[in-house]
Structures are given as structure tokens and as C-alpha cells.
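FYI, side chains are in, hydrogens and waters are out, and symmetry mates aren't considered; it's all heavy atoms of this structure. Residue numbering restarts at 1 for every chain, and letters A, B, ... go by the order of the sequence lines.
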Number of protein chains: 2
Amino acid sequence: MTEPELARAKSVTLRDVARVAGVSVPTASKALNGREGVRAATRQAVLATAERLAFHPNTTARALKNGRSGTWGLITDDLEGRFSIPILMGAEDTAGAGKMSVFLCDARGDVIREKHHLQSLLGRQVDGLIIVGSRTDARASLGELPVPAIYVYAPSDAHTDLSIVPDNLGGGRLAAQHLLDLGRKRIAHIAGDRSYDAARARVTGVDEVLTAHNMELMGGQAFYGVWSEAWGRNATRRLVESSPDLDAVVCGSDQIARGVLDALKDLNLRVPEDVAVVSFDNWEVFATGAVPGLTSVDMNFEAMGRMAGEKLFAAMGGEEQQGTIIQPCRLVVRGSTCP
Amino acid sequence: MTEPELARAKSVTLRDVARVAGVSVPTASKALNGREGVRAATRQAVLATAERLAFHPNTTARALKNGRSGTWGLITDDLEGRFSIPILMGAEDTAGAGKMSVFLCDARGDVIREKHHLQSLLGRQVDGLIIVGSRTDARASLGELPVPAIYVYAPSDAHTDLSIVPDNLGGGRLAAQHLLDLGRKRIAHIAGDRSYDAARARVTGVDEVLTAHNMELMGGQAFYGVWSEAWGRNATRRLVESSPDLDAVVCGSDQIARGVLDALKDLNLRVPEDVAVVSFDNWEVFATGAVPGLTSVDMNFEAMGRMAGEKLFAAMGGEEQQGTIIQPCRLVVRGSTCP
DNA sequence: AAAGTTTTCGAAATCGATTTCTACCGTACC
DNA sequence: GGTACGGTAGAAATCGATTTCGAAAACTTT
């Protein structure tokens, strides 16, 4: 067993490269990492052999030495990945391809499991944490941690943490302004679950714009319910009964909007000619599958992920930050408001 | 700087525990890992101090030593996480809470990016790979790898790899048999994209059952199109025109089914009284949001993930396997077939 | 009490890469 | 030609945990 390369057909180590290139391990390391103190010819030789042997450095060893693992942990409650995946992709993008890898952990809404995942991630020496809540209400802070953490979508309840949340208020304004721009005057709002911060903020945004134009919502207020198509259908039927002259509906989510579209059709009201419909989330499969396509306010998950990545890098660089960053939304116009 | 505990307020290492407990590092290691050769009293002391100091072993160091990182890599093309997240959760479950952490990488359908992620994951010494395709067609094998890999949802095109795929054929049978059990005789099939293996397999399954009962599909064949609501609507209109007496429709996906339901309603056909509807995927938000709720064939993603986890463990234990494992589907009955 | 066993513990090597820090080389200058 | 110097390369320590192996301690046995 004097031949190490026979013992493990596994992977090529730096030692192998150094031996083949006829230099020492430190020299090989310096050459590969572009550090000075290596003659150009030597560096070339090392690079060439590394290439030839298909050398890939063991990230684990590097992590152990310099205390940086090049990984982030993302903890979420999002069972379907609707939020998590775009946010993850956005975060990854800031690092440049493959520089950072992300552990995705699903706590499934269970605090115990979350604690467990957290410990596991810290044991793996992640360089940062992204905590993705499934609703925009403030969630319990994880407290003081040995690595920077950023709360995305749901803000932390501790103002010493850094949170990134979508601008639901601004989204509401966007939706209302869009309808006003189209000349709509009699606007109703079928909202989501009142217990959700997001639902209330969206309502507030709509209200603000209407008030500024000396208008108010049909029925005098928004109608809160649940985040489902069924609620959209029911609410629409009642709404049209009491206010048959309405000409636009803002919906708390795309799912609600789907219900609204269904009900309007049953009631022989044309969209967008008789009634324009705007909703929130811009969940592609729902928004584009509808007839007509739904004009919807996009929460910009990927942008939130990118921001999270940037802030994590900044924090890793020692630049501590706290507070709540509000990420603007954007309106995606489709057939439900413009023919 | 003779006081190491001042230098880094960071984390508690095994050395710290050993020092405080008054034993050597190896002894502390043995005590914590439940290995023999340690007196009961000594072990107790070590365990107590570890607890008191909130010691969490550095997984990175352990990984470096014994060559096992306790991590898996999951590479997917799934932009929304519809497949990946349930599969990831299933895989994690097999390990027991937190024992395995999973790197989630989204290749976004880009081969270059996939290669990149793969290298990155191998550099991080993952113990296994789960490759999740976004369509059931066979995908290019990643070839010989230093760690076991399992292809989920989309099988590998190399028969020396191990793949786990949903039983689309069996799913088709389930759907057809369900309709026959309900006494339906005139069954049509509005399928998805013909270029997808899944679409064709589902059709074959339905055909098999009908043929076994000396029946055939309305129109003599399945109608292929695309995986969209719009296709469901269009196809239904044409179908009812040519075969107004149909009493059941099998849909290639929940999205198609949503279009079918819409169109049937426009045509004043009641579901399920006049026409029963069965679909595939059981995508909750679509299936339960519809009126009536969609009876749908569930692909059991989580079960596929669990199977993947088990097989990876087996492979890590040296038990090589190859071939394709077909994971059964299950029928979830809702209002679109039973009132 | 001496010899033989068993148990318990710790010194040292290991994993793979990085990072000093020192030894050496050749060149340049006086 | 000897000293000084910038530039290269390598020896050794390091990260934190594991593991082997030898030594010391604690018991038995005669």
C-alpha cells in the first residue's frame, strides 16, 4: 500500500496535483488560487496538471480551514416552493454561478422542526441564513445567531434583525391607480384573510389612492374572506347583487380572482368591458390560464432573493444591518383590464 | 493571545468541552459518540459539560475526516418547486429529522448550469445526488460519478443508472377503471402534449382498460394538445360538437381539466351528472379550487422522494442498484366524478 | 505480593486545503 | 568576490473531529 492512488480511486487531491507537477502542496495551492509568489512557468505547469487530472478542490477542507463554507441555509414553511424557489434562485444569482450552494430546509410550519434544522445548518457552518415565512405577518425572531440571518417575505418581530418584505401597500396603490387610469370609477375590493398582514396592507394601498381622488370602495369597504376561489365566487355574487353598477374589482390574490372571473361570467358581465379585474401574486399558472388573462401585481420574489443575497454578502463582510427593506412590486397587465 | 476562548467568541469546539470536563479530546469524542472504552462516570461528565456549553459538533470537520458529509444534492429544472419540494421532503424524511441536509440547485433547463452545479456539489462532497427532471421523458445520464445518483420523475437514458418514475400507465388505468366503475360508457380523453412520454403513457393506460372491456375512446382516439387550460376548453368544445353524447372525460392534467370544466359549463353540461371528469397531477390548488373539485390521479411525489432517500442510503451502504422503479399513483376522488 | 488481565485514557496521525514563515536561489551592487 | 536583496519554493502549523495504538491505571489471580 505504498501507492496511495491505488488505495482510493476516489478523487484527485491537491497532493496528487502537486506530486505530478513536481512541486509542493503549498506551491500548488498558491498557483491554483492565483496568489503571488509563484513563477509564471510553475503556475502554468500546476494549472495544466490540475486540468489534466480533473482536479476539483475539496470545498469541505477549505471550509474547515478558513471558516467559510460557501453555503447558505434557507429555512421555509412553503410546502409547494412557490416562494422559496424563486427566492433561492435570486439569492444564488448574486453570488455568481455555483459560488454559493444553498441548503433548503422545510420546517413545515413546525417550530420544533425549525429549531432542529437551524441547529443542523449551524453545525454545517453555513455562512448565512435566509428565513422565508409563508405569510407576511411578522414571525418570531431566531434571536442572536453566530451567522447573519435575513428574514424574507415574513419580517422578524425583532427590529434588530434585517427583513425584506414585499411592498403590499405599494402594490395596492399600483392596482388602484391602474384602474383609475383606465377610467374606472366604481371599484370594489374582494380581499383575502383579514388576519393576514398582506391582505390588510393591500386594502390600505387601494384605499389610499381612492381617498386621494375623493372616491371610496363600493360597499364602503373591502370584503375580507379567505384566500380561495370559492370565496371569490361567493363574494362576487353578493357584491353584484348589492352593487350591480360596479366597473372594477381588485382581488386579494389570483386564486380569489379566478373565482371572481367565474362568477362574473355566470352573471353575464364581460371582463374587462363591464368589469375590470386586478389581482395580486401573479402566479403564472393561474394568471395566464384564466380567460381573459389576469392583470396582477407581482411580488418580485426573485428580486427579494437577490436583495437577500446581496445583504448576506454585505453582512458576511462585516457590514451589519437591521430594519426592514420594502421591495417594490410590479404590475403585470393582461386581458382582465385591457382588451 | 494565550487564551483561545478570547480569540474567538464563535463556537464551542470539542477541545473546549474536553478541557472543561478535564479529559482529552479523544475521550470526549468517544464519550459523545457513544463508543465504548470510556468509564460511565467519565462519559456522564463529558455529556454534561457538552450540554452545558451548548456544544454542537462541526459537521464540516467530521465530514473531512470520515469522507461522509451527511448531505445530498438535488438538481432540478423545476422553476416553481412543484415537484422538487415534495420530493426533497420525502427524501429528507427517510434520514430522520435533520440527519441529512439537502442542497437544492436549480439548473433552469440549462445543461451548462447543470454541469456547473454538479461540479460544485461534488466539490462539496455530497454523499448522493437526486436528479429531478421536469418531464417524464428520459434525460441524458450524468455518466459515471464518484457518488450514487438517482434520477427521479425523469428517468436516465442509461440503463446502468437507477431511476424512479411515476406509474403514468397505471395512473391511466386507475382513471379509466374509476369511470367504468361509475358506469360511464362513453369516455373521451383530452391529453397533454404528445411529445411528452407522460402524456402517451397515460393514454395507453386508459386505452388498455377500455380495450379490456371491448370499448374504445370517443372519437376513436385520444386528443393530444398542450398542457394548458386553453387547450382543455378548445378540445372540449370540438369534442362535444362531434360527440354530444359523451359521459366522461379523462384529462391529461389538472390544468387541462380546469379548461374542460369551464367549457362544459358553457355548454350547459353538468359535472358529474352529465359528464364525469378525471384528471392527472392532483395539484391541490387547481384540483380543490375547481367547481366541483377535481377527481385526480396523484403522482405521489413524496413517496418518490422517500424511495429515492432509501435507495441512496442503500447505495451509500455499497448496495449498487440499477434499472427503473415505477412508483404507483393513487386516485383522489372528488366531486367531478362523485356528487 | 508478584504476575497477569482488563479497562480506561491520551499522544499522535489523519482528512485536504490554506497560511505563515523560513530557507534558498540567482541577481545586482559595491 | 562578497554582501544585500527580491523573488520562489517548501516545511510545518492550522482548522475540528475521528481513530489507531500504546501506555498507564485498575483489577484479578495465584
When the side chains of residues 36-53 of chain B are checked against the rest of the protein, which donor-acceptor pairs come out under 3.5 Å, sequence neighbours left out?
{"from": "B:Arg43", "atom 1": "NE", "to": "B:Ala31", "atom 2": "O", "distance (Å)": "3.4"}
{"from": "B:Arg43", "atom 1": "NH2", "to": "B:Arg35", "atom 2": "O", "distance (Å)": "2.3"}
{"from": "B:Thr49", "atom 1": "OG1", "to": "B:Ala45", "atom 2": "O", "distance (Å)": "2.9"}
{"from": "B:Thr49", "atom 1": "OG1", "to": "B:Val46", "atom 2": "O", "distance (Å)": "2.9"}

Please tabulate, one pair per line, all N/O donor-acceptor pairs under 3.5 Å involving side-chain atoms of residues 100-109 of chain B, not counting sequence neighbours.
{"from": "B:Ser101", "atom 1": "OG", "to": "A:Ser120", "atom 2": "OG", "distance (Å)": "3.3"}
{"from": "B:Ser101", "atom 1": "OG", "to": "A:Arg124", "atom 2": "NE", "distance (Å)": "2.8"}
{"from": "B:Asp106", "atom 1": "OD1", "to": "B:Arg108", "atom 2": "N", "distance (Å)": "2.9"}
{"from": "B:Arg108", "atom 1": "NH1", "to": "A:Asp93", "atom 2": "OD1", "distance (Å)": "3.4"}
{"from": "B:Arg108", "atom 1": "NH1", "to": "A:Asp93", "atom 2": "OD2", "distance (Å)": "3.4"}
{"from": "B:Arg108", "atom 1": "NH2", "to": "A:Met89", "atom 2": "O", "distance (Å)": "3.4"}
{"from": "B:Arg108", "atom 1": "NH2", "to": "A:Asp93", "atom 2": "OD1", "distance (Å)": "3.0"}

Quick one: side chains of residues 315-328 of chain A, donor-acceptor pairs under 3.5 Å with protein atoms, not counting sequence neighbours, listed by atom name and distance.
{"from": "A:Gln321", "atom 1": "OE1", "to": "A:Lys311", "atom 2": "NZ", "distance (Å)": "3.0"}

A correct 5'-to-3' footprint of nucleotides 17-27 of chain C, with B, S and - meaning base, sugar-phosphate only and no protein heavy atom under 4.0 Å, is SBB--------
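Here B:Thr42 reaches the OP1 or OP2 of C:dC9: one of its side-chain N or O atoms lies under 4.0 Å away.
Remark: C1' of D:dT20 and CD of B:Glu36 are 14 Å apart, rounded to the nearest angstrom. For the pair B:Arg39 CZ and D:dA25 P, the interatomic distance rounds to 12 Å; values are reported in whole Å. As rounded to whole Å, 10 Å separates atom C1' of C:dC15 from atom CD of B:Gln125. The distance from atom CG of B:Leu64 to atom P of D:dT14 is 17 Å, rounded to the nearest whole Å. B:Arg19 has its CZ atom 12 Å from the P atom of D:dG16, to the nearest Å. One atom, CZ of B:Arg124, and another, P of C:dC15, lie 22 Å apart when rounded to the nearest Å.
Side-chain contact between B:Arg139 and B:Thr136 is absent, with no heavy atoms from C-beta onward closer than 4.5 Å.
With sequence neighbours excluded, the residues satisfying side chain to side chain donor-acceptor pair (under 3.5 Å) with A:Asn300 are A:Arg330. Applying the side chain to side chain donor-acceptor pair (under 3.5 Å) criterion to A:Glu310, with sequence neighbours excluded, gives no partner residue. Evaluation of the side chain to side chain donor-acceptor pair (under 3.5 Å) rule for B:Thr71 yields B:Ser69 as partners, not counting sequence neighbours.
Pairs of residues two or more places apart, or lying in two chains, never qualify as salt bridge (charged side-chain N to carboxylate O under 4.0 Å, His left out) while including a residue from residues 70-85 of chain B.
An end-to-end axis angle of 60° holds for the helix from C:dA1-D:dT30 to C:dC30-D:dG1, taken from five base pairs per end and rounded to 10°.
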